[in-house]
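Right, one structure below, let's go through it.
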Amino acid sequence: MEQQEYATGAARTAGGTSDGRTGGAGRGTTAAVVVVRGSGPRAVPGTGADAPQDAPRDAVPVRDSGSPSTAGLSPDPGLLRLARWFAEAEPGTADDLCAASLGLYPARHFGAPAGPATGPATAGPAADPSPADPSAAAALAVAPPTAEVSWWHGPTAHTPAPLRAREPRPAGGLRRARRDAAALPVVLSGAKPGKPGRHRKPERSRGAGTVPQDRSAATTAAERRIAARLLVAHPLVTASGPHADGFPLIRRHRDWLAERFDTLLGYRLVVGPWHARLHKAGLGPGATRRLEHPATGAPFTPGGYAQLALALALLVDAPERLPLDGLLAAMDAARPGPGPAARPADRAELAMAFAVLVDWQVLGDLPAAALADPAAAGPTVLTVDRELARAVPVGPPALADDATDLIRRAAEAEPGTAVRRRLAETPAVLAADLPEEQRAWLREHGRTGPAALAEFLGLEAEQRAEGVALLDPAEELTDLALPGADTAAQAALLLVERLVEEVRPLPGETAGTDVPVPDALIDGVLGDIADEYGLPAGWRRDYLADRTALRRDALDLLHRMGLITPAPRGTRPPGWLLRAPAARYAPAPDLLPAPGTGRHSRPDPGFTVPAPVSPRAGQPV
């Protein structure tokens with residue numbers, strides 16, 4: 001019940017608003033990160049459960065902010081080393097290095113459950129299959145949704161074309177509960193006054209003079225789940241940032257949250273008066289997590305990551321007020337050399353790094369000209385929150401030999417913790433992708449392990465023969481949406497539906513985790529989709545004119561959602577592998593399919609085409 005309460009609307013408590021301060025919000029952290037110089041744990045006044053939100057900012061001595069100066073700026077050696085590794089890395093390796101060293105990636109999950117929720121493998125209500133769809137009914141009759149059923153032939157979350165009309169999703173984060181003076185102080189279900197909502201328990205009648213409890217067990221559990229979900233979606237939450245409404249909940253339940261995150265995921269939670277930081281671990285190589293420009297969504301390049309690490313290396317020990325040109329000069333002087341790391345800063349990469357630092361509130365708001373091109377912005381004074389700058393890095397580069405070693409070290413954990421991290425952060429965990437000891441743990445704890453994590457984060461477990469996925473029907477605990485409203489997302493969904501229909505194993509065939517998909521099939525199906533849906537659905541004209549760009553972005557979305565993966569290097573001809581969870585977005589399989597007639601269909605050698613029949617004589621022609 002509590003899980004359903006969250007799915008329909010988060011509880012909002014008194015005091016869940018910004019503190020009204022300007023500039024950064026990471027004041028007075030209780031502990032910083034070992035990678036940063038002078039960042040050992042220290043006691044901070046006013047960090048108790050009832051500490052006022054306006055606690056004095058005296059945890060760390062600050063320099064005189066009246067006269068901005070660059071005197072004393074010296075880069076942190078560990079972050080300087082990290083900047084070199086970023087500059088010398090390949091794009092995919094740089095993304096993995098960012099996840100390992102910063103750990104600021106959000107969780108990513110599928111949304112709608114597949115098929116009816118029957119048996120212990122799933123939790124929560126789901127719609128029954130349409131009786132008008134005999135193939136779906138037959139598939140479910142033969143293959144009920146249990147852990148022994150393959151994703152290839154199990155229930156699906158498919159919604160048939162025409163294209164799904166979806167309102168743009170609000171920015172990720174805490175849902176706002178509806179309030180009304182005539183309603184209870186907190187409406188957990190999000191229902192309007194007078195309408196209890198389908199997930200809300202009816203209130204028991206209270207006798208005259210009965211005083212309701214201020215806090216019930218259900219309210220406490222709901223608040224903890226809201227706070228946990230917020231931290232998994234946004235590992236850095238500030239008291240004056242976009243998710244300030246959830247910060248009081250995190251502070252109120254920080255001891256319980258810290259214990260659960262440590263027990264289940266091995267994550268460290270640090271909560272100070274002005275910010276909360278969940279120290280996520282790396283996900284290993286090929287995690288498909290990357291930083292993007294907060295406004296444009298453009299992905300970071302290795303050079304952009306290097307500029308970000310170089311700026312952080314100087315900001316962790318910078319004064320509160322710092323001239324922009326002084327910081328740029330210090331970055332030029334600290335840039336390591338020789339090699340790729342020593343090349344001059346690219347203006348676009350520098351702008352992306354500063355945009356992210358402003359988004360994290362490490363830097364205060366900057367003029368538009370400074371965000372567009374910091375090197376040509378003119379005289380500008382930066383407001384620096386060095387406590388937030390120290391809270392950003394989580395990986396220990398001083399202990400690693402190189403970037404590859406850091407990526408490996410950041411993902412190390414005992415088998416149960418490693419599998420639970422994948423369940424909490426990724427759309428689906430396939431047994432074939434796990435090392436043997438983690439695969440053994442998943443076989444032994446295939447039900448209890450995911451169930452504990454699902455309860456903690458308000459998710460639903462979908463267990464199949466190939467692995468487990470934790471679903472978020474509220475579609476909040478994910479940074480990518482599928483289905484989605486934009487052109488690339490709609491094309492990706494239609495593409496994966498048709499690819500599954502073309503190449504998935506037939507009933508009775510050995511169903512592996514991955515099925516090869518030739519490049520030619522992708523090109524042909526995507527061309528058919530663009531011709532059929534492009535203009536009627538109002539797809540972007542640039543995509544319709546440039547099918548290569550449409551293919552690139554559609555495949556990138558499917559790859560990041562774990563539905564396809566590139567074929568191993570050396571495969572001839574090169575192509576992609578369709579993964580078993582992709583079948584959850586395709587129509588339910590027909591157990592007795594007729595041979596296809598499309599240009600990409602596979603002929604059935606045992607099928608004989610019957611002779612045409614004359615409609616008048618009833619005889620073969």
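Note that the coordinates shown come from a computational prediction; the quantities given were computed from them, not determined experimentally. Counting from 1, the numbers follow the sequence of the chain as shown. All values below come from the heavy atoms of this structure, side chains included, with hydrogens, waters and symmetry mates left out.
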Considering all heavy atoms, the nearest [X]-[Y] contact:
X: Leu471; Y: Pro113; value: CD1-CA, 3.5 Å
X: Leu265; Y: Ala424; value: CD2-CB, 3.9 Å
X: Pro581; Y: Ala428; value: CG-CB, 4.1 Å
X: Gln361; Y: Leu388; value: O-CD1, 3.4 Å
X: Arg420; Y: Trp441; value: NH1-CZ2, 3.3 Å
X: Glu425; Y: Ala107; value: OE1-CA, 3.5 Å

- What residues form a salt bridge (charged side-chain N to carboxylate O under 4.0 Å, His left out) with Arg290, not counting sequence neighbours?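 If we apply the salt bridge (charged side-chain N to carboxylate O under 4.0 Å, His left out) test to Arg290, skipping adjacent residues, the hits are Glu292, Asp556.
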
Any side-chain heavy-atom pair of [X] and [Y] under 4.5 Å:
X: Val394; Y: Lys280; value: no
X: His253; Y: Thr220; value: yes
X: Arg229; Y: Leu459; value: yes
X: Leu82; Y: Leu97; value: yes
X: Thr263; Y: Phe456; value: no
X: Leu283; Y: Tyr105; value: yes
X: Leu563; Y: Leu482; value: yes

- Answer yes or no: is there an ion pair linking Glu387 with Arg390, defined by an N-O contact shorter than 4.0 Å? yes

- Item | Ion pair Arg439/Asp433, N-O distance below 4.0 Å |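 Result for this pair is no, no salt bridge flagged.
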
Euclidean distance, [Y] [atom2] relative to [X] [atom1], rounded to 0.5 Å:
X: Thr238; Y: Trp360; atom1: OG1; atom2: CH2; value: 13.0 Å
X: His279; Y: Leu104; atom1: NE2; atom2: CG; value: 9.5 Å
X: Leu315; Y: Leu310; atom1: CG; atom2: CG; value: 9.5 Å

- By side-chain hydrogen bond (donor to acceptor under 3.5 Å, both in side chains), Thr417 pairs with (sequence neighbours left out) Glu414

- Message: Going by side-chain hydrogen bond (donor to acceptor under 3.5 Å, both in side chains), name the residues that satisfy it together with Arg277, two or more places apart in sequence or in a different chain.
- Response: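 Partners of Arg277 by the side-chain hydrogen bond (donor to acceptor under 3.5 Å, both in side chains) criterion come out as none, since no residue qualifies.
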
- Please answer whether the main-chain N or O of Pro294 pairs with a side-chain N or O of Asp359 as donor and acceptor at a distance below 3.5 Å. no

- Message: Closer than 3.5 angstrom, by distance alone: can the side chain of Arg224 be matched with the main-chain N or O of Ile250 as a donor-acceptor pair?
- Response: no

- State which residue, out of His234, Arg289, His109, Arg108, fulfils the side-chain hydrogen bond (donor to acceptor under 3.5 Å, both in side chains) condition with Asp479.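 Result for side-chain hydrogen bond (donor to acceptor under 3.5 Å, both in side chains) with Asp479: Arg108.
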
- Task: Output, in order, the C-alpha distance, side-chain angles, deciding distance and verdict of side-chain contact (heavy atoms from CB on, under 4.5 Å) for Asp95 and Thr288.
- Result: CA-CA 7 Å; Asp95 294 336; Thr288 66; over 6 Å; no

- Task: Look at the rings of Tyr305 and Phe86 and say which category their plane angle falls in: under 30° parallel, 30 to 60° tilted, over 60° perpendicular.
- Result: parallel

- Item | side-chain contact (heavy atoms from CB on, under 4.5 Å) between Phe354 and Gln307, worked out | CA-CA 9 Å; Phe354 274 80; Gln307 297 301 323; over 6 Å; no

- Could you give me the CA-CA distance, side-chain angles and deciding distance for Leu434 and Val419, then say whether side-chain contact (heavy atoms from CB on, under 4.5 Å) is met? CA-CA 8 Å; Leu434 301 177; Val419 175; 4.3 Å; yes

